[in-house]
Protein chains: 2
Amino acid sequence: MSGRTPGEQVTIADVARHAGVAASTVSYVLSGKRTISATTRSRVLASVRALGYHPHAGARALASRKANVIALVLPLRTGMQVPVVMRFATAVVTTARRHDHDVLLVTADEGPAGLHRIAGSALVDGVLLMDVELEDSRVPLLRELALPGVLIGHPADSTGLACVDLDFRRAGELCVEHLAAAGHRRVALLGAPAAVYDRGTGFAHRTRAGVRAAAGRLGVDAVTRPCEEGPAAVRHDLEALLADHPDVTGLVVQNESAVGPVLATLPLLGRRVPRDVSVVAICPDELAEQSGLTCVPVPAEEVGRQAVALLMRRLNGEPVPEVTLLEPHLTVRDTSGGTGR
Amino acid sequence: MSGRTPGEQVTIADVARHAGVAASTVSYVLSGKRTISATTRSRVLASVRALGYHPHAGARALASRKANVIALVLPLRTGMQVPVVMRFATAVVTTARRHDHDVLLVTADEGPAGLHRIAGSALVDGVLLMDVELEDSRVPLLRELALPGVLIGHPADSTGLACVDLDFRRAGELCVEHLAAAGHRRVALLGAPAAVYDRGTGFAHRTRAGVRAAAGRLGVDAVTRPCEEGPAAVRHDLEALLADHPDVTGLVVQNESAVGPVLATLPLLGRRVPRDVSVVAICPDELAEQSGLTCVPVPAEEVGRQAVALLMRRLNGEPVPEVTLLEPHLTVRDTSGGTGR
DNA sequence: CTCGTCCGTCGAAGCGCTTCGACGGACGAG
DNA sequence: CTCGTCCGTCGAAGCGCTTCGACGGACGAG
């Protein structure tokens with residue numbers, strides 16, 4: 001179609017020759033950094049299309065000192081909410097593309113050395129860090145490297161950083177407020193696996209704090225306990241919870257893999273939902289929708305979009321807020337209701 | 001520590017000066033493309049470490065005509081097996097790093113234009129294409145662009161390509177053989193969502209073909225039907241299946257999200273597992289392990305490793321087989337057994 | 001002892017882009 | 001009509017690397 005041999009790089013010089021202008025003019029047409037007459041512009045753009053020109057990414061990065069690539073540092077460890085991560089990643093890629101950036105996938109197990117390498121080699125202009133822990137070793141490194149970064153979740157000390165997250169504390173409060181308003185006086189949080197709390201992962205700790213705070217404020221009894229993954233483990237943890245606290249009538253679940261098993265197990269333990277026990281989850285909305293579950297959705301896409309938008313503003317040298325918390329909302333479905341007690 | 005201002009690029013010239021050699025010598029030490037004396041080599045490497053040198057990725061790409069980056073083109077559509085995708089992605093990144101390559105994340109919704117852009121801008125040296133359909137529009141494009149690629153799954157025409165996949169046909173056969181050997185004469189495949197078959201996705205079609213082939217060969221009745229996602233949908237589809245075919249005693253499940261609901265629903269329909277109905281799944285092994293499920297594991301990591309290894313061989317100009325099928329294995333657990341009939 | 005070979009290193013060129021300074025020419029002000 | 005301004009374009013330099021050819025010098029063969 002274009003007549004060129006596939007695989008051969010079309011250069012800016014080819015375009016310039018084809019359009020009868022200087023290479024710098026082509027560059028200015030493409031970047032818009034200088035005014036170019038309408039006729040020249042359209043001639044150049046026609047040549048770009050005719051030749052199927054794409055600027056060489058490496059050459060561009062070298063000359064402009066911008067890679068137009070951001071890194072997405074993913075965790076991929078036990079207890080991560082996998083579908084949430086995927087939807088988040090999609091939103092990140094899509095939004096980044098809209099800002100003319102690509103996304104490099106980095107796994108956390110390369111650790112701080114990975115950040116060093118990526119920053120040192122100018123492979124990326126900035127990073128998105130997921131699954132940030134309260135005391136995260138990568139955070140000081142980010143500061144030291146002067147590498148623009150946006151964190152998903154937030155560490156204990158967020159000075160000089162940019163963090164985006166659902167307001168999990170508020171989400172925990174919302175769940176308890178909803179249950180309390182329906183008359184529940186004893187509630188329980190069935191949370192993430194113990195390892196997640198041990199790592200000091202922010203969302204788990206903050207949710208728990210929110211549940212406790214709201215319970216304290218509203219005069220509700222609240223117990224909280226971790227929950228391991230897998231149907232058998234969930235069932236076991238739920239049974240243990242109800243054995244220790246048989247009078248719990250409101251359940252907050254923050255563990256994707258537990259949602260299905262919890263709803264399946266409760267009837268077997270003689271608890272009908274929502275008549276005997278109300279269940280509220282903090283989880284992806286589709287998951288909740290499938291089961292008619294009352295929930296506070298985790299807005300993965302929105303977090304991804306916001307994170308990229310913030311990073312782009314940082315890359316442009318604009319100031320950004322240290323902490324951006326997304327307001328949670330509770331969607332009422334079939335698994336929560338009043339209590340007879 | 002290193003004494004340099006953070007964010008300032010350390011260049012090969014800095015290293016050369018520090019070590020008292022020419023820049024080209026540093027380059028040769030790092031690439032190993034010419035013999036360098038042991039003393040020079042160690043002096044250079046010491047300087048590299050002292051200065052914290054990382055070669056500028058763009059400059060390297062420009063000069064060497066290699067980006068040392070591969071693209072991972074992910075689907076992210078309905079019916080994809082999300083955890084499998086994640087584990088696959090991790091294996092890809094890890095293996096690529098071992099070959100000194102990074103991974104660019106591309107979503108399929110950028111479509112063929114994305115491949116054009118990526119190839120044209122020399123951002124990547126090759127691509128890994130996931131979720132390949134039997135008639136995939138990206139496949140001819142790959143050929144046209146002369147862009148080295150490895151496909152996960154395989155299209156109808158694999159001429160000149162490199163495809164890696166679990167041998168899903170054989171996996172389907174294995175499941176039926178296992179059930180037949182245990183005495184089951186009527187089996188059913190509860191498969192992927194209908195949309196997945198409609199798209200012509202290879203793994204779904206091949207599994208179904210394998211189930212049918214083995215059933216025919218062994219004189220077993222086999223019915224196959226798609227299964228939508230979500231507990232309610234799964235339950236509905238399973239009930240419909242058993243209503244139409246009440247004498248089915250062997251169930252093959254190829255749908256991650258259906259595994260839990262199927263095991264939860266069967267007892268409610270009066271079928272104990274494995275006494276009344278044996279269940280065999282094709283799914284990630286952890287998922288099966290959690291439920292004590294007999295299964296043919298989908299070896300996501302192994303597929304990822306193989307795919308990267310093949311791509312690296314292609315990038316080195318070595319010949320690679322058109323189709324690489326991984327041999328499936330059946331792991332017997334608690335959900336399958338003999339039948340009384 | 002001499003010559004050829006080859007090992008180890010160097011310098012220069014070039015990869016494809018961006019950006020800076022310069023410079024015609026059009027056009028408006030006086 | 002003249003001069004100054006500014007718009008639109010050009011050419012050159014430079015980004016940091018790899019790679020090629022060249023060339024000392026050591027060393028072995030004769």
Side-chain angles (χ1 to χ4, degrees), chain A residues 4 7-45 47-48 51-69 100 117 119-125, chain B residues 4 7-45 47-48 51-69 100 117 119-125:
Chain A
R4 69 185 182 86
E8 292 236 320
Q9 180 77 29
V10 178
T11 73
I12 199 171
D14 297 327
V15 176
R17 205 173 307 123
H18 190 273
V21 299
S24 52
T25 301
V26 176
S27 177
Y28 286 125
V29 166
L30 262 27
S31 71
K33 291 192 180 173
R34 284 201 180 172
T35 46
I36 297 284
S37 69
T39 56
T40 304
R41 177 199 310 287
S42 62
R43 200 145 37 87
V44 167
L45 291 177
S47 298
V48 164
L51 300 179
Y53 170 67
H54 292 274
H56 188 287
R60 196 212 275 264
L62 181 57
S64 70
R65 325 198 121 271
K66 302 192 173 183
N68 273 38
V69 177
D100 198 31
R117 183 177 63 82
S121 64
L123 244 181
V124 303
D125 304 314
Chain B
R4 68 183 184 85
E8 292 236 318
Q9 180 78 29
V10 178
T11 72
I12 199 171
D14 297 327
V15 176
R17 205 173 307 122
H18 189 272
V21 298
S24 53
T25 300
V26 176
S27 177
Y28 286 125
V29 166
L30 262 26
S31 71
K33 292 192 179 172
R34 284 202 182 171
T35 47
I36 298 284
S37 69
T39 56
T40 303
R41 177 197 313 284
S42 60
R43 200 144 38 89
V44 167
L45 291 178
S47 299
V48 165
L51 300 179
Y53 171 67
H54 292 275
H56 188 289
R60 195 212 276 265
L62 181 57
S64 70
R65 326 201 118 271
K66 301 192 173 177
N68 273 34
V69 177
D100 198 32
R117 183 177 63 84
S121 65
L123 245 182
V124 303
D125 305 315

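Everything numeric in this text was worked out from a predicted model, so none of it was measured. Letters go in sequence order (proteins before strands), and every chain restarts at 1. For the numbers below, each heavy atom of this structure counts, side chains included, while hydrogens, waters and symmetry mates do not.
Taking the side chain of A:Tyr28 as heavy atoms from C-beta on, and the options D:dC10, D:dG16, D:dC17, the nearest nucleotide is D:dC10. Of the candidates D:dC17, C:dC10, C:dC17, the closest approach to any side-chain atom of A:His56 belongs to C:dC17. For B:Arg34, taking side-chain heavy atoms from C-beta onward, the closest of the listed nucleotides D:dG21, C:dC20, C:dG14 is D:dG21. Between D:dC10, C:dG16, C:dC10, one nucleotide has an atom nearer to the side chain of A:Ala59 than all others, and that is C:dG16. When distances are taken from the side chain of B:Thr11 to each of C:dC15, C:dC17, D:dC17, the shortest belongs to D:dC17. When distances are taken from the side chain of A:Thr25 to each of D:dC10, C:dG8, D:dC15, the shortest belongs to D:dC10. Of the listed nucleotides (C:dT19, D:dG16, C:dC17), D:dG16 has the atom at the smallest distance from the side chain of A:Leu62.
One interatomic measurement links the two molecules: CG of B:Leu30 to P of C:dT9, which rounds to 14 Å at whole-angstrom precision. If you measure from atom CZ of B:Arg41 to atom P of C:dC7, you get 14 Å, rounded to the nearest angstrom. In this structure, A:Lys66 places its NZ atom 19 Å from C1' of D:dG16, rounding to the nearest Å. Rounded to a whole Å, the CZ atom of B:Arg17 is 18 Å from the C1' atom of C:dT9. In this structure, the CG atom of B:Leu51 is 12 Å from the P atom of D:dC17, given to the nearest Å. As rounded to whole Å, 13 Å separates atom P of C:dT18 from atom CD1 of A:Ile36. Between the C1' atom of C:dG14 and the CD atom of A:Gln9 lies a distance of 15 Å, rounded to the nearest Å. In this structure, A:Ile12 places its CD1 atom 11 Å from P of C:dT19, rounding to the nearest Å.
Note that CG of A:Leu30 is 10.0 Å distant from CZ of A:Arg41, once rounded to the nearest 0.5 Å. Note that NE2 of A:His18 and CG of A:Leu51 are 5.0 Å apart. Values are rounded to the nearest 0.5 Å. Atoms NE2 and CZ, from A:His54 and A:Arg60 in turn, are 11.0 Å apart once rounded to the nearest 0.5 Å.
One finds a side-chain N or O of A:Arg65 lying less than 4.0 angstrom from the OP1 or OP2 phosphate oxygen of D:dG16. The side chain of B:Thr35 places no N or O atom within less than 4.0 Å of a non-bridging phosphate oxygen (OP1 or OP2) of C:dC7. Residue B:Lys33 places none of its side-chain N or O atoms closer than 4.0 Å to OP1 or OP2 of D:dT18. Dashed line: the shortest gap from a side-chain N or O of B:Ser37 to OP1 or OP2 of C:dT9 is under 4.0 Å.
Each of B:Ala22 and A:Pro55 was matched to the nucleotide of DNA chain C holding its nearest heavy atom; the match closer to the 5' end belongs to B:Ala22.
Within 4.0 Å (heavy atoms only), A:Ser24 reaches at least one base atom of the nucleic acid. When heavy atoms are screened at a 4.0 angstrom cut-off, B:Ser64 is found touching the sugar-phosphate backbone but no base atom.
Taking each heavy atom of A:Ala67 and A:Ala122 in turn, the nearest pair found is CB-O, 3.6 Å. Closest of all the heavy-atom pairs between B:Tyr28 and B:Ile36 is CB-CD1, 3.9 Å.
Among the candidates B:Val44, B:Val21, B:Val15, the single residue satisfying the side chain to side chain contact (heavy atoms under 4.5 Å, CB included) test with B:Val29 is B:Val44.
Remark: side-chain polar atoms of A:Ser47 are paired, donor with acceptor, to backbone N or O of A:Arg43 under 3.5 angstrom. Put simply, the side chain of B:Asp100 never gets that close to the backbone of B:Asn68: no donor and acceptor are under 3.5 Å apart.
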Dot-bracket line, read 5' to 3' along DNA chain C, where crossing pairs take [ ] and | marks a partner on another strand, Watson-Crick or G-U under 3.5 Å: ||||||||||||||||||||||||||||||
